[in-house]
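Worksheet: one structure, shown below.
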Protein chains: 2
Amino acid sequence: MSELEVRQLRYFVAVAEELHFGRAAERLGMAQPPLSRAIRELERHLGVQLLERTTRQVALTPAGEVFLHDARTALDAVTAAGRRARHAGQPTPSLRVALKADFDAGLLPRILAAFQGEDAALPVELLLGGRGEQVPALRDGRADVALLPVPFDDRDLDVEPLMTEPRLLALAADDPLAARSSLCLADLAGRSLPDGTPADRDGRPPTTARIQTGREQQPPSAPRGRVAGTQPTSLDLSKIFNLIELGSIVMFVPVSVASRHRRLGIAYRTVGDLPPSTLSLAWPQDSRSPAVAAFIRTATAVAKTARMDAQTDAETPQRAMT
Amino acid sequence: MSELEVRQLRYFVAVAEELHFGRAAERLGMAQPPLSRAIRELERHLGVQLLERTTRQVALTPAGEVFLHDARTALDAVTAAGRRARHAGQPTPSLRVALKADFDAGLLPRILAAFQGEDAALPVELLLGGRGEQVPALRDGRADVALLPVPFDDRDLDVEPLMTEPRLLALAADDPLAARSSLCLADLAGRSLPDGTPADRDGRPPTTARIQTGREQQPPSAPRGRVAGTQPTSLDLSKIFNLIELGSIVMFVPVSVASRHRRLGIAYRTVGDLPPSTLSLAWPQDSRSPAVAAFIRTATAVAKTARMDAQTDAETPQRAMT
DNA sequence: CTCACTCATATCCGCACGGTATCAATGCGG
DNA sequence: CCGCATTGATACCGTGCGGATATGAGTGAG
């Protein structure tokens, strides 16, 4: 029993995702026959049939399903090893923090400032990605720690909740709903959210959260912001707000985001049954870096004081903003 | 940037563990020069120096340290993928439960019986291993679920506590300590436990529990029991009890184990400041098997009723056994 | 100073992986 | 019912890479 090789895993994942040897081979930049042979060799090696193929279609066997899943996580682990080693070898290592632009509950500046005072502090590199890019970045070694709202697929990750804040509905100021005195989720049936999902599905964590892979096939041209230093540039949030202003989409945003993006043409409204958003800190379970530990400590401390501040501010009730 | 390969990971781990190219090559069943070349190629590929070598000694760089760690978990993930696929392909899949022989708090028979009534039930295969073999078995796909006392290195694992029970000191009946009216941990200074550690270190979870790898270099001839069906055979506990009887070691055992191993020549004594033992259920975080889910459900249910039974039994106070 | 030890370099070789050409099976349209 | 297009499998060949052997070079011990 020699040993499973990464190449075989990559090949199998490609075929299992495409369910088509030709397309998979093309995606892998190779010809189809050696791919067929490699898969057959893999199956022979495992002694298990992974794919059910006729000359007209390819399907996964149950064993193939579980292998697809495990192969993906194994591939992630391998690339994470490489990436983290590369990063650790840099002459000036940095702490890479992944977050969705602006979705930091307003804590980031304070966290970064406090962090720089720590003994184990490192230069911070911010990775601003879209919704759902933080977790893969943590898993494959591109990021050391992430700020993101729960829930998410937290396999292999440790999580620490930082702060819970209510969310508002951002919509066009001339939207009929903006004139309504009170709203609930049901009123949003049919509306679109920035990521294309219908509005009335949001807010309820999918029941399969712990099961879904969290690593959907991403188009090769997916935009990915990468900003060094502590100068976050708002990736594409401006475009999203443009779309909101035009009335083509609506969006749920934490109040901290709303307060930073007040503009004519956009209205914020409370939605009665919209669950709040909890910003969390996440990092790889096996992180042994003192810088990560220090960041976690400072971030939780900052969040704690922020929560206490919010407590005292609660006397001043907030109105809906226009 | 082609791609990291499993072979390179295996090579590096071998060298990093041996800190000696010659021995590492021997362990890998190959000659030394190609190994040197492979490592140099790996470093060139990563653009990072992993090893500091003079002609007289080899040492890990900081980057090498983190890569060693990540490479190990990546290798585990790869072999787990292979093993789980193999297992999933079996015509009659089974649920593989890892535990240390007899350390089931007496719950196992009831759990197994209840489990067989479940819809998703499968034939159960018990993997009886020594202390600390359960976690690696879960990680590399040899087991689907494990019964083991906390604390342990739970990276990548989900954990559910089942039952906490006090522990007793097992020692030779003619041991001077057996005559003492009361004992505390300090009295055991200098005594040996079955795994060779001094007795006065046990009971306090190592502070590095979440950090240590949990996968020490195991000698290739390490005994590993594998028993099919529901007929657990006591692996080597009898030998341990022999040693206890001879007075060469002492051992902390949960009361459930003690009650199953009363014998002449062995005395059980309470130790005042000996923390109790909590038996837990652990399984890979990404387990999607309905059989595992069913096992978890039944096990927790059985444990709950067992706890309630213990509650009612608490009226009958327990005496120290001889 | 010399020897033993250990990692690096040089060179050769075999094979495994990938490519091209082709076959075989299956579904579909006329 | 018969081609034809589609798609996976088979056959065969060439090459690059991984491994072996031989040797060199640096270094610590006695």
Side-chain angles (χ1 to χ4, degrees), chain A residues 1-61 63-65 67-68 71 75 78 82, chain B residues 1-61 63-64 67-68 71 74-75 78 82:
Chain A
M1 178 175 76
S2 56
E3 183 68 66
L4 217 45
E5 272 301 332
V6 165
R7 185 177 40 82
Q8 307 179 279
L9 299 182
R10 287 212 327 276
Y11 290 2
F12 175 76
V13 169
V15 174
E17 285 179 355
E18 300 282 351
L19 291 178
H20 190 293
F21 281 77
R23 280 195 298 275
E26 187 184 9
R27 184 170 128 191
L28 292 167
M30 65 187 292
Q32 168 260 319
L35 178 59
S36 282
R37 200 179 52 181
I39 299 289
R40 279 168 50 78
E41 176 58 25
L42 171 64
E43 292 181 320
R44 196 194 56 75
H45 178 80
L46 292 175
V48 168
Q49 188 167 6
L50 301 172
L51 295 166
E52 198 76 59
R53 41 237 207 245
T54 72
T55 54
R56 300 300 289 180
Q57 79 171 7
V58 178
L60 282 167
T61 64
E65 300 262 12
F67 188 64
L68 173 59
L75 285 177
V78 171
Chain B
M1 178 174 77
S2 55
E3 182 69 65
L4 218 47
E5 273 299 335
V6 165
R7 185 178 41 83
Q8 307 178 279
L9 299 182
R10 287 212 326 277
Y11 290 2
F12 175 77
V13 170
V15 174
E17 285 178 355
E18 300 283 350
L19 291 178
H20 190 292
F21 281 76
R23 281 196 297 276
E26 187 184 9
R27 184 171 127 189
L28 292 166
M30 66 187 293
Q32 168 260 319
L35 178 59
S36 282
R37 200 178 54 178
I39 298 289
R40 280 168 51 79
E41 176 58 25
L42 172 65
E43 291 180 320
R44 196 194 57 74
H45 178 80
L46 292 175
V48 169
Q49 187 167 6
L50 301 172
L51 295 167
E52 199 75 60
R53 36 226 203 257
T54 72
T55 54
R56 299 301 289 180
Q57 78 171 8
V58 178
L60 283 167
T61 65
F67 188 65
L68 172 59
L75 285 176
V78 170

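Reminder, nothing fancy here: chain letters follow the sequence lines and each chain counts from 1.
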If I take atom CZ in residue R7(A) and atom C1' in nucleotide dG16(D), what distance separates them, rounded to the nearest angstrom?
13 Å
Length of the CZ-P vector between F21(B) and dG19(D), whole Å
14 Å
Would you find more than 12 non-hydrogen atoms of other residues, nucleotides or ligands less than 6.0 Å from E52(B) atom CD?
no
Set out, line by line, the N/O atom pairs under 3.5 Å between protein and nucleotides 25-30 of chain D.
from, atom 1, to, atom 2, distance (Å)
dT27(D), O4', T55(B), OG1, 2.9

Rounded to whole angstrom units, what separation is found between the CD atom of Q32(A) and the C1' atom of dA25(C)?
14 Å
Atom CZ in R23(A), atom CD in E17(A): separation rounded to 0.5 Å?
12.0 Å
For R40(A) and dG18(C), give me the distance from atom CZ to atom C1', rounded to whole Å.
17 Å
Could you check whether R40(A) pairs with E43(A) (Lys NZ or Arg NE/NH1/NH2 to Asp/Glu carboxylate O, under 4.0 Å)?
no
Closest-nucleotide 5' rank along DNA chain C - winner of G22(B) and R37(B)
G22(B)
L35(A) has an atom CG; how far is it from atom P of dT10(D), in whole Å?
14 Å
Protein-nucleotide distance (L42(B), atom CG; dG18(D), atom C1'), rounded to Å
15 Å
Rounded to whole angstroms, how far apart are CD1 on I39(A) and P on dT7(D)?
17 Å
In whole Å, what is the span from the CD atom of E41(B) to the P atom of dT9(C)?
13 Å
Below 3.5 Å between N/O atoms, which protein atoms pair up with nucleotides 13-15 of chain C? Just atom names and distances, please.
none

